[in-house]
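This report concerns only the one structure given below.
So that the names make sense, note that chain A is the first sequence line, chain B the second, and so on, each numbered from 1. All of these numbers come straight from a predicted model, not from anything done at the bench.
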Amino acid sequence: MLEHQDGPLIVQSDMTVLLDYEHPMAEEARRKLILFAELVKRPGNWHTYKMSSLSLWNAASTGMDAASIIDSLKQYARYGLPGVLETNIRILMERYGKLRLEISEGKLLLYGEESLLHELAGHSVIAECLQERINGGTWEVSPEHRGQLKQELIRLGFPVIDLAGYHTGEALSVALRHVTKQGRSFMLRDYQHQAVNLFYKEGTIQGGSGVVVLPCGAGKTIVGIAALARLNSATLILTSNATSVQQWKEELLDKTTLLPSEVGEYTGSSKQVRPVTIATYQILTHRKSKKDSFSHMKLFSERDWGLIIYDEVHLLPAPVFRMTADIQATRRLGLTATLVREDGCEEDVFSLIGPKQFELQWKTVEAEGHIASVKCTEIRVPLDQGISELYHSSEKRSRARLAAENPGKVTVVRQLLERHQGTPTLIIGQYLDQLHALADSLAVPVITGELPQQERQSLYEQFKAGDVPVLAVSKVANFAVDLPDAAVAIQISGSYGSRQEEAQRIGRILRPKGGLNEAWFYTIVTDDTSETEYAARRQMFMLEQGYQYELEKR
DNA sequence: CACGACGAAA
DNA sequence: AGGAGTTCGTCGTG
């Protein structure tokens with residue numbers, strides 16, 4: 001492999017990699033890097049990536065090996081690789097595949113090297129899951145502990161390849177339509193087809209559980225529906241909110257041969273359990289009080305599901321993980337646009353739902369024209385003298401709010417609205433006071449949680465029709481699936497350092513536009529305050545996806 | 001019974 | 001660490 005003395009990467013022994021973003025080869029290096037490392041910091045033009053056991057195992061699960069990772073690093077490393085790092089990568093990558101779960105003669109067996117198994121069995125949590133030592137390299141596992149075992153082993157640093165297979169579940173005859181109910185012709189896109197194939201892994205026992213990562217608007221629902229049609233079995237679909245439940249149902253009826261009587265909604269208002277059932281995470285985790293049990297979890301066993309689809313798997317709540325640990329013999333498909341969680345439960349997604357099976361970079365979908373190309377800009381606004389003094393004399397928590405609600409942001413918003421006059425624009429903010437004040441001074445309607453659904457709908461309609469060109473929205477924008485698409489989004493404040501929120505808000509303007517297929521995202525941040533740090537953290541996921549934020553100062 | 005309002009939960 | 005939002009279930013009203 002060719003080595004460049006002046007490459008864009010500085011590779012350090014603590015598993016971090018610095019990427020010089022100004023370097024001419026930065027882009028191609030980044031494309032390689034994101035396959036096995038995660039962006040953690042971005043001070044100036046140096047982006048800090050970090051390899052973790054999880055980022056390496058996700059890479060391993062999609063077929064990479066230690067050699068190809070080391071080659072990629074060597075190819076772009078400015079000063080070569082520290083020897084200890086090479087060894088670390090090899091050790092971690094070799095761990096993927098050292099332990100296997102398989103079924104033999106009706107018994108669930110854990111295979112591995114004798115010394116390793118001996119050591120692991122010494123941990124009480126592991127011992128609990130193991131039944132009997134068959135021989136040095138084989139232990140019998142109690143089937144009900146299949147999930148817990150995988151979860152505990154990954155915590156100890158040893159991922160398990162689960163080849164124990166799945167039960168088929170109740171049969172259900174379903175096919176994709178070539179012409180939808182609405183009369184449009186319908187075909188899976190290449191990447192959707194590929195995603196289903198990689199999830200299912202025809203002819204092997206390895207497929208059948210894992211996560212598919214596709215950007216907003218790239219048709220995750222279609223991937224789920226195609227998986228369902230491939231498996232032809234009763235399916236439970238879990239998703240984040242009621243609107244999304246309806247959308248799944250509409251898509252299922254529109255694009256498959258399923259009959260309305262075969263698709264059920266399991267929500268607060270209706271509790272249908274049908275061959276295909278769609279439920280919210282909320283109802284599964286709902287309890288009257290803290291000491292009650294999760295009575296709706298019985299939905300998992302109410303029917304013989306052959307497939308469970310976890311939509312928005314990055315939002316999956318902890319109690320559902322616990323249930324999922326118990327149903328490891330059921331096929332599981334996780335869908336998400338951002339596999340980052342803000343609660344650090346990525347390991348549980350990996351061990352209980354499954355490893356990442358397919359990921360499409362946002363920029364790839366953009367290049368194919370399926371989503372708009374977004375120009376991101378961070379605009380720094382100074383804090384007025386008076387407020388600045390107040391800021392410096394305040395407690396840390398009131399500071400964040402002072403910076404976020406900087407009245408100087410209004411002028412910038414006004415300028416941006418002029419710049420993009422005639423283009424549908426969303427103004428998105430975190431604080432109701434701020435939104436109302438801004439909307440008043442700009443004479444723009446506001447949508448917050450207080451506004452009744454009917455009035456929201458009516459504003460959405462007017463926005464779609466172009467009668468209302470600018471709409472101010474609160475955090476409802478994070479959840480509302482039916483919020484119309486826009487071409488410009490102006491973020492005036494957001495919740496701390498949430499990478500997901502940033503991605504979601506940008507997702508609002510991704511739907512393909514005619515013509516140049518362009519969209520604009522502006523994030524307005526108060527200069528010289530902690531808000532700049534939060535803004536930087538928020539941008540991490542988008543930067544990882546290859547987006548760049550231009551910086552404007554006022 | 002259909003609905004809207006309200007409090008609790010995560 | 002905190003603000004805002006959603007959902008579920010219950011209870012009251014027409």
Side-chain angles (χ1 to χ4, degrees), chain A residues 237-248 265-272 277-299 310-323 341-345 348 394-406 426-439 446-457 459-460 471-483 491-502 504-505 508 529-531 533-535 537-538:
Chain A
I237 300 167
L238 304 177
T239 188
S240 55
N241 60 58
T243 322
S244 167
V245 169
Q246 284 177 347
Q247 288 199 340
W248 272 95
E265 290 181 41
Y266 194 95
T267 60
S269 44
S270 83
K271 307 259 185 307
Q272 307 161 332
T277 298
I278 315 158
T280 58
Y281 289 124
Q282 261 96 348
I283 200 160
L284 289 177
T285 55
H286 187 268
R287 291 189 285 189
K288 279 189 206 141
S289 80
K290 279 194 174 175
K291 54 184 197 290
D292 283 333
S293 60
F294 300 101
S295 56
H296 291 294
M297 288 288 186
K298 65 179 186 321
L299 188 56
Y310 298 82
D311 194 15
E312 318 273 7
V313 72
H314 57 281
L315 299 174
L316 194 149
V320 178
F321 276 123
R322 264 168 255 144
M323 276 308 299
R341 292 181 64 103
E342 311 293 349
D343 68 354
C345 289
D348 293 329
S394 295
E395 301 265 336
K396 199 182 166 198
R397 64 171 170 281
S398 26
R399 281 186 174 194
R401 185 140 185 182
L402 275 171
E405 296 193 296
N406 178 3
L426 292 174
I427 300 172
I428 314 178
Q430 149 101 341
Y431 302 103
L432 299 183
D433 296 343
Q434 181 190 26
L435 275 167
H436 285 298
L438 184 92
V446 187
I447 297 182
T448 69
E450 301 144 22
L451 199 75
Q453 288 292 341
Q454 267 199 348
E455 292 175 51
R456 290 191 208 181
Q457 283 304 329
L459 279 170
Y460 291 163
L471 212 50
V473 288
S474 67
K475 258 179 90 169
V476 290
N478 295 13
F479 308 99
V481 193
D482 46 354
L483 179 67
Q491 173 171 256
I492 54 170
S493 52
S495 58
Y496 299 89
S498 172
R499 296 167 286 179
Q500 287 212 35
E501 191 176 69
E502 187 98 346
Q504 219 150 9
R505 289 175 171 178
R508 287 297 176 196
T529 66
S530 51
E531 198 180 20
E533 291 157 36
Y534 291 125
R537 165 137 185 94
R538 296 174 62 84

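With A:T285 contributing its side chain and A:Y281 its backbone, the two residues share a donor-acceptor pair below 3.5 Å. A donor-acceptor contact shorter than 3.5 Å is absent between the side chain of A:Q430 and the backbone of A:S493. The main-chain N or O of A:T239 is never found under 3.5 Å from a side-chain atom of A:E312 such that the two would form a donor-acceptor pair. At distances below 3.5 Å, at least one donor-acceptor pair connects side-chain atoms of A:R456 with backbone N or O atoms of A:L451.
For the pair A:R456 and C:dT6, the criterion of a side-chain N or O lying under 4.0 Å from OP1 or OP2 is met.
Salt-bridge check for A:D348 with A:R322: failed, with every basic side-chain N at 4.0 Å or more from each acidic carboxylate O.
If you walk DNA chain B from 5' to 3' and mark each nucleotide with an atom closer than 4.0 Å to a heavy atom of chain A, the marks span B:dA8 to B:dA10.
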What does the list of N/O pairs under 3.5 Å between the protein and nucleotides 2-4 of chain C look like, with a distance for each?
{"unit_1": "C:dG3", "atom_1": "N2", "unit_2": "A:K475", "atom_2": "NZ", "d": "2.2"}
{"unit_1": "C:dA4", "atom_1": "OP1", "unit_2": "A:L432", "atom_2": "N", "d": "3.0"}

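The salt bridge (charged side-chain N to carboxylate O under 4.0 Å, His left out) check on A:R538 picks up A:E501, A:E502, with sequence neighbours excluded. Take A:R341 and apply the side-chain contact (heavy atoms from CB on, under 4.5 Å) test, not counting sequence neighbours, and it matches A:H314, A:L316, A:F321, A:D343, A:C345, A:E346, A:V349. The ring-ring contact (aromatic ring centres under 6.0 Å, His included) search around A:H296 returns A:Y266, not counting sequence neighbours.
A 4.5 Å side-chain heavy-atom check between A:T448 and A:V446 finds at least one atom pair inside the cut-off. A:E450 has its side chain within reach of A:L432: a pair of non-hydrogen atoms, C-beta onward, lies under 4.5 Å apart.
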Legend entry - Per-nucleotide protein contact string for nucleotides 8-14 of chain C (B base, S sugar-phosphate only, - none; heavy atom under 4.0 Å): BSS----
